[in-house]
Amino acid sequence: MKTIVEKITKEQLNTEEGKKIIGQAGDFLKEGGLVAFPTETVYGLGADALNKTASTKIYAAKGRPSDNPLIVHITNMGALDKIADIIPEVAYKVADACWPGPLTMIFQKTEEVPYETTGGLDTVAVRMPSDEIARALIDAGGGYIAAPSANTSGRPSPTKAEHVEEDLSGKIEMILDGGAVDIGVESTILDMTVTPPMILRPGAITKEMLTELIGEVDIDRTLITPDSKVKPKAPGMKYRHYAPKADLSIVEGPMELVIDAINQMSAERMAKGHRVGVIGTQETVGRYKADVVKSIGTRADEATIANHLYAVLREFDDAEVEYIYSESFAAGGIGSAIMNRLLKAAGHHVIDA
């Protein structure tokens with residue numbers, strides 16, 4: 001099929017042209033088609049969440065394992081009652097503070113939600129995005145849009161429409177090009193079916209923020225191996241994700257030792273004729289010697305690192321490097337989300353400097 005790509009800005013949403021574009025995208029969703037769209041986190045690949053055939057198309061387009069659950073996107077609390085069977089009081093407190101925003105909550109599902117959307121689970125993951133283009137599309141498409149990241153399964157998530165085109169052009173009906181996203185890593189996932197609530201995936205809504213809001217919050221530290229028979233409860237828990245084509249290693253330790261180790265390993269690889277890339281920060285990129293050296297952001301503002309992470313991983317693919325060495329980052333605040341994604345991209349290959 002030919003994929004339609006339409007540029008749209010938030011300012012256009014109330015214009016005739018904007019309404020026409022969103023209306024067309026909404027019609028594709030209502031007819032069981034697939035539409036990629038921007039959110040504040042990453043680009044999502046949307047389908048009607050209550051249409052089991054449409055949800056199945058997402059897995060096919062992405063090459064995504066069918067037991068990896070999808071997140072249902074809504075725009076208002078009234079919509080939650082139709083798809084969530086038990087909503088604990090604490091969830092309303094979290095929603096009041098964090099929705100709309102980069103947070104997904106997991107609830108027991110109702111019969112309205114097909115198992116094709118939940119990866120066969122009796123729970124449903126729900127998010128209310130803040131991005132205005134996303135919200136307009138959700139409403140136009142019927143109010144319940146299942147949407148994982150709009151990339152080929154396992155690849156770095158898309159933070160620009162061009163990334164979506166690269167992976168999915170010809171496989172989906174439409175891409176809404178709303179420019180670069182704001183945050184750059186997927187939503188925090190909070191399991192509300194357990195007490196205390198448990199973070200299954202870190203994101204921009206941090207453990208520290210949630211603890212301050214509702215008290216005790218657990219973190220799921222279990223790493224489920226690819227051959228595990230356990231079904232993942234949240235997207236991204238079971239499989240290798242976000243991976244560039246090159247072999248990625250994370251180097252951790254005191255910064256001086258990290259720089260020395262990365263330079264030594266890069267030199268050894270290049271001496272054998274391999275093309276090597278290095279992920280540093282604004283503070284360190286000038287000290288590396290490799291074929292391709294990229295700054296992922298500044299340690300003074302880790303939000304910049306999260307924002308650039310996936311784009312940088314894709315740039316290394318474009319540069320055709322064979323090996324990538326990356327600095328590690330502190331596991332606190334949004335740094336937890338950055339390290340979570342880097343570890344998955346590297347297949348948990350960590351080198352001690």
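Here, residue 1 is the first one in the sequence, and each next residue gets the next number.
- Within the structure, the ring-ring contact (aromatic ring centres under 6.0 Å, His included) test picks out the following pairs touching residues 280-311 (sequence neighbours left out): Y242-Y310.
- A salt bridge links E256 with R287; the closest basic N to acidic carboxylate O contact falls under 4.0 Å.
- Using a distance-only test at 3.5 Å, with no hydrogens or angles considered, no donor-acceptor pair links the side chain of D291 to the main chain of G277.
- S149 places no side-chain N or O within 3.5 Å of a backbone atom of N151 that could act as its donor or acceptor partner.
- At distances below 3.5 Å, not a single donor-acceptor pair connects side-chain atoms of H348 with backbone N or O atoms of A346.
- The closest side-chain heavy-atom distance from L45 to L168 is below 4.5 Å.
- Within the structure, side chain to side chain donor-acceptor pair (under 3.5 Å) contacts touching residues 93-106 (residues at least two apart or in different chains) are T104-S187.
- Looking at T118 and V113, their side chains come closer than 4.5 Å, going by heavy atoms from C-beta outward.
- For the pair R64 (side chain) and N68 (backbone), a donor-acceptor distance under 3.5 Å is present.
- Ion pairing of D317 with R155 is present here, as a side-chain N (NZ or NE/NH1/NH2) and a carboxylate O approach within less than 4.0 Å.
- Residues E283 and T281 have side chains that bring a donor and an acceptor to within less than 3.5 angstrom of each other.
- Looking at heavy atoms from C-beta onward, R341 lies in side-chain contact with L309 at the 4.5 angstrom threshold.
- Y43 places no side-chain N or O within 3.5 Å of a backbone atom of S157 that could act as its donor or acceptor partner.
- In this structure, the side chain of S266 does not engage the main chain of A290 through any donor-acceptor pair within 3.5 Å.
- A donor-acceptor pair under 3.5 Å is absent between the side-chain atoms of K109 and the main chain of I83, judged by distance alone.
- Counting only residues at least two apart or in different chains, salt bridge (charged side-chain N to carboxylate O under 4.0 Å, His left out) contacts with residues 38-48 comprise E40-R127.
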Report the C-alpha separation of D131 and K10 in whole Å, then their side-chain angles, then the decisive distance to 0.1 Å, and conclude whether the salt bridge (charged side-chain N to carboxylate O under 4.0 Å, His left out) test is met.
-> CA-CA 9 Å; D131 184 274; K10 297 172 178 64; 3.4 Å; yes

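- For the residue pair E327 and T284, a side-chain donor N or O sits within less than 3.5 Å of a side-chain acceptor on the partner.
- Each of L34, I21, V5, L137 was scored for a side chain to side chain contact (heavy atoms under 4.5 Å, CB included) with M174, with one residue passing: I21.
- Although no hydrogens or angles enter the test, the distance criterion places no donor-acceptor pair under 3.5 Å between the side chain of S169 and the main chain of E166.
- D81 is linked by a side chain to side chain contact (heavy atoms under 4.5 Å, CB included) to I87, Y92, counting only residues two or more places apart in sequence or in another chain.
- Under a 4.0 Å N-O distance rule, the pair D177/K160 does not qualify as a salt bridge.
- Remark: Q282 engages no residue in a side-chain hydrogen bond (donor to acceptor under 3.5 Å, both in side chains) (not counting sequence neighbours).
- The closest donor-acceptor contact from the side chain of T117 to the backbone of A49 lies under 3.5 Å.
- Without hydrogens or angle criteria, T123 side chain to Q108 main chain gives no donor-acceptor distance under 3.5 Å.
- Residues passing the side chain to side chain contact (heavy atoms under 4.5 Å, CB included) test with E322, sequence neighbours excluded: H274, R275.
- Side-chain contact between K207 and S336 is absent, with no heavy-atom pair separated by less than 4.5 Å.
- Between E162 and R314, none of the side-chain N atoms (NZ, or NE/NH1/NH2) sits under 4.0 Å from a carboxylate O, so this pair counts as no salt bridge.
- A continuous path of ILVMFWY side-chain contacts below 4.5 Å connects I205 to V72, so both sit in one hydrophobic cluster.
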